[in-house]
Amino acid sequence: MSDALVVAAGTTAADAVAAAGLPSNGPKAIVVVKDPSGRLRDLDWAPAADTEVEPVALDTPDGLNVLRHSTAHVLAQAVQATFPEAKLGIGPFITDGFYYDFDVEKPFQPDDLGKLEKKMQEIVKSGQTFRRREYASLDEAKAELAHEPYKLELVDIKGDVDDSEVMEVGGGELTHYDNIDRKGERVWGDLCRGPHLPSTRLIPAFKLMRSAAAYWRGSEKNPQLQRIYGTAWASRDDLKAYQTRLAEAERRDHRKLGTELDLFSFPDEIGSGLPVFHPKGGVIKREMEDYVRARHIEEGFQYVGTPHISKEGLFHTSGHLPYYKDTMFPPSHMEGADYYLKAMNCPMHNLIYRSRGRSYRELPLRLFEFGSVYRYEKSGVIHGLTRVRGFAQDDSHSYVTAEQAPGEIKHLLNFVLSLLRDFGLDDFYLELSTRDPESDKFIGSDEQWEIATKVLEDVATESGLQLVADPGGAAFYGPKMSVQAKDAIGRTWQMSTIQYDFNQPARFGLEYQAADGTRQEPVMIHSAKFGSIERFLGVLVEHYAGAFPAWLAPVQVVGIPIRDDHGDYLQEFVDRLRKQGIRAEVDHSTDRMQKKIRTAQQQKIPFMAIAGDDDVSGGTVSFRYRDGSQRNNVPLDEAIAHVAEVVRSRTNVGPTA
RNA sequence: GCCGCCUUAGCUCAGUCGGCUAGAGCGACGCACUCGUAAUGCGUAGGUCGUCGGUUCGAUUCCGACAGGCGGCUCCA
């Protein structure tokens with residue numbers, strides 16, 4: 001497809017594609033061409049001069065985007081055929097699919113999607129062509145779109161639209177796409193910058209996924225439209241593969257696995273977004289915390305502790321009140337003071353710093369704790385362990401001189417990455433969140449922001465990792481660098497954050513005595529490695545699909561006697577493992593051996609140690625690993641050493657035979 | 001917070017077009033079985049059908065509010 005193609009003046013791209021004998025059907029069909037400026041053009045585009053173009057096939061990333069956007073048009077046509085009063089919003093392609101927003105009297109019901117799909121099938125089969133038409137003037141466009149208020153708004157704000165999701169307008173001209181049926185009649189049309197497939201017939205496989213409300217142009221202040229999400233693929237097999245991928249993600253859902261593996265729950269009686277950890281989830285959480293605490297201490301952090309509530313003055317000093325008052329739990333009044341549950345740990349760490357005079361010799365001073373924080377997240381955003389109202393941050397604050405800041409940030413980034421790798425995540429990119437100069441949410445001077453942003457950016461660039469900009473995403477007190485980690489099935493999660501803070505040291509009057517005897521203000525660097533223990537645990541459940549590495553597994557070894565009377569033998573083996581700190585138990589239930597294996601398999605226990613007459617008489621056990629592989633008749637000493645070694649090594653793969 | 005959908009046993013789910021003792025599988029418990037790599041058989045217990053209110057002779061079923069969940073949107077220091 002990279003072979004260049006020349007469209008002769010006065011002929012269409014389709015002519016050139018046909019002359020070159022390129023496919024016009026199936027997943028390799030050429031659906032648009034890319035002109036020398038990189039712009040995608042419809043096949044009926046006819047340049048004024050000879051133009052070299054690149055043909056774009058349906059199954060390429062560009063081709064799929066065109067397919068998905070054209071499918072969105074088919075959806076919109078189906079909706080307006082079924083609900084004539086529906087007004088059109090926008091309908092872009094997105095990752096793996098598309099959506100289209102509609103203003104309708106009544107929100108779509110689940111069975112509406114089935115009806116709309118059927119209608120769409122008819123449109124696809126009828127082989128409508130998409131025909132581009134340019135408006136001569138703004139007035140002409142407005143006249144034609146008089147009955148589409150949202151489109152009119154887009155025409156009016158055309159100049160300001162800077163959003164890749166708004167496909168309607170853009171580029172130099174204002175264009176419209178008509179759908180023409182086989183008889184040459186115009187059956188539908190939409191304001192759109194294109195491009196589109198030559199025909200609806202080229203839509204091989206699509207599915208409507210769900211409907212949901214969405215604010216017009218993404219603002220809470222605007223009315224809500226009804227959005228329909230769909231997916232479209234270059235072949236039925238690709239669609240099937242996509243559905244399999246979704247099923248795989250569902251299989252890994254930590255909320256489901258949390259119940260199945262008895263790790264945690266969210267009792268209604270406690271409240272939304274407030275998890276409790278059951279013994280097995282507690283084991284994983286404790287292992288994580290123990291390891292992370294030990295690593296922090298190795299890296300020069302000092303472990304501290306702070307209370308969960310504070311008088312409000314502290315949060316005024318820090319600047320969190322009133323900025324974030326509505327995301328903090330309301331205060332309780334006691335003895336004339338208002339106490340808030342803490343939503344962040346930094347103010348308390350500042351007080352530890354300030355508890356006595358500090359010397360430049362102490363810097364960098366690094367304070368760390370698992371700090372419990374409570375945030376009143378809006379009810380609609382709570383999601384399993386990844387978005388909760390009470391959680392423990394693995395929160396640290398480094399107090400450094402301005403000169404030390406770049407080195408400290410580099411140190412923190414390396415530390416963060418190594419910790420994530422220790423837990424089996426090793427595919428990262430960085431995001432740099434900067435302030436939005438338009439917003440009044442951010443405090444501090446332009447110069448301060450500039451310096452801080454530059455420091456983070458330099459370290460990020462130096463790391464060699466991919467860096468993505470996130471304008472406007474900074475904390476109110478300073479810019480933020482975050483590590484995004486990809487899990488086993490390619491989803492990205494925001495984990496660690498490193499933030500440069502020039503605000504709080506001043507607000508708290510933090511200082512240190514410099515070598516020259518003067519008092520100087522330190523810079524404060526916030527960092528959280530996992531963001532929150534709860535979220536990270538949730539991510540790990542999904543990453544490993546519940547099959548935790550041996551060092552994290554709640555139960556590491558289960559002994560399975562072949563007959564009941566082999567239980568005592570295995571109990572002795574398990575007792576020896578326990579003395580080595582291994583979490584081992586014997587399944588003494590009355591189930592048959594096969595059933596015990598099934599149970600252990602479902603609990604995703606890394607080691608099954610099976611013993612029957614042969615093993616008892618030979619002084620051995622037989623391992624069955626989680627992946628079904630086996631190692632039979634292993635002498636007890638060797639078996640214990642083997643388990644201990646796998647656990648101690650903290651390997652994140654296997655075990656296997 | 002907004003929109004839609006949902007809430008029946010520990011879990012997953014049937015069911016009740018408003019009416020008599022609300023069902024199943026898994027799990028739990030008991031009994032029998034004693035078995036070499038993913039479900040032995042039989043039996044028992046377990047539900048004020050999310051909560052509160054309304055309509056009705058009668059509500060798990062219809063209506064409303066609230067709580068919780070799910071999918072999005074917005075948000076995520």
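Protein chains get the first letters and strands the later ones, always in sequence-line order, with residue 1 at the start of each.
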Determine which bases of RNA chain B form Watson-Crick or G-U wobble pairs with both distances under 3.5 Å, and write the result as a 5' to 3' dot-bracket string with | for other-strand partners. (((((((..((((.....[...)))).(((((.......))))).....(((((..]....))))))))))))....

Value in whole Å for how far the P atom of B:rU37 lies from CZ of A:Phe607: 21 Å

Counting the atoms with a prime plus P, OP1 and OP2 as sugar-phosphate, which does A:Lys595 contact under 4.0 Å by heavy atoms, base, sugar-phosphate, or nothing? sugar-phosphate

Taking any heavy-atom pair under 4.0 Å as a contact, classify A:Ser219: base, sugar-phosphate, or nothing. nothing

With a non-hydrogen cut-off below 4.0 angstrom, is A:Tyr215 in contact with a base, only sugar-phosphate, or nothing? base

Once you apply a heavy-atom cut-off of 4.0 Å, does A:Met593 come out as touching a base, just sugar-phosphate, or nothing? sugar-phosphate

Figure out the CG/P separation between A:Asp326 and B:rC76, and round it to whole Å. 11 Å

Determine whether a donor-acceptor pair (one donor, one acceptor, N or O, separation below 3.5 Å) exists between the side chain of A:Gln224 and the base of B:rC2. yes

Closest to the A:Ala343 side chain: B:rC73, B:rC5, B:rA77? B:rA77

Over all strands shown, is A:Gly628 touching base, sugar-phosphate only, or nothing at heavy-atom distances under 4.0 angstrom? nothing

B:rA77 base to A:Thr497 side chain: any donor-acceptor pair below 3.5 Å? no

On a heavy-atom basis, which atom in A:Val416 and which in A:Ser496 lie closest, and how many Å separate them? CG1-OG, 3.1 Å

Going by modelled atom types, is there a donor-acceptor pair between the base of B:rC75 and the side chain of A:Arg387 at under 3.5 Å? yes

Ring-on-base stacking B:rG72 with A:Tyr229 (under 5.5 Å, under 30°): no

What is the distance from atom CD of A:Glu450 to atom CD of A:Glu457, rounded to the nearest 0.5 Å? 11.0 Å

Ignoring hydrogens and angles, tell me if any N or O in the side chain of A:Arg68 forms a donor-acceptor pair with the backbone of A:Tyr99 under 3.5 Å. no

Look at the side chain of A:Asp268 and the base of B:rG50, then say whether one donor and one acceptor between them are separated by less than 3.5 Å. no

Look at all strands and tell whether A:Glu260 reaches a base, only sugar-phosphate, or nothing, counting heavy atoms closer than 4.0 Å. nothing

Could you walk me through whether A:Thr497 and A:Ser482 pass side-chain hydrogen bond (donor to acceptor under 3.5 Å, both in side chains), step by step? CA-CA 4 Å; A:Thr497 60; A:Ser482 57; over 6 Å; no

Just how far, in rounded Å, is C1' of B:rC6 from CZ of A:Arg210? 15 Å

I'd like to know if A:Ser211 reaches the base of B:rG72 with its side chain such that a donor and an acceptor end up less than 3.5 angstrom apart. no

Between B:rC75, B:rA77, B:rC70, spot the one nearest the side chain of A:Arg255, thanks. B:rC70

C1' atom, B:rG46 versus B:rA24: distance in rounded Å? 14 Å

With distance as the sole test, does A:Lys151 use its side chain to make a donor-acceptor pair with the main-chain N or O of A:Gly89 at under 3.5 Å? yes

Reckon A:His383 touches a base, only the sugar-phosphate, or nothing at all at heavy-atom distances under 4.0 Å? sugar-phosphate

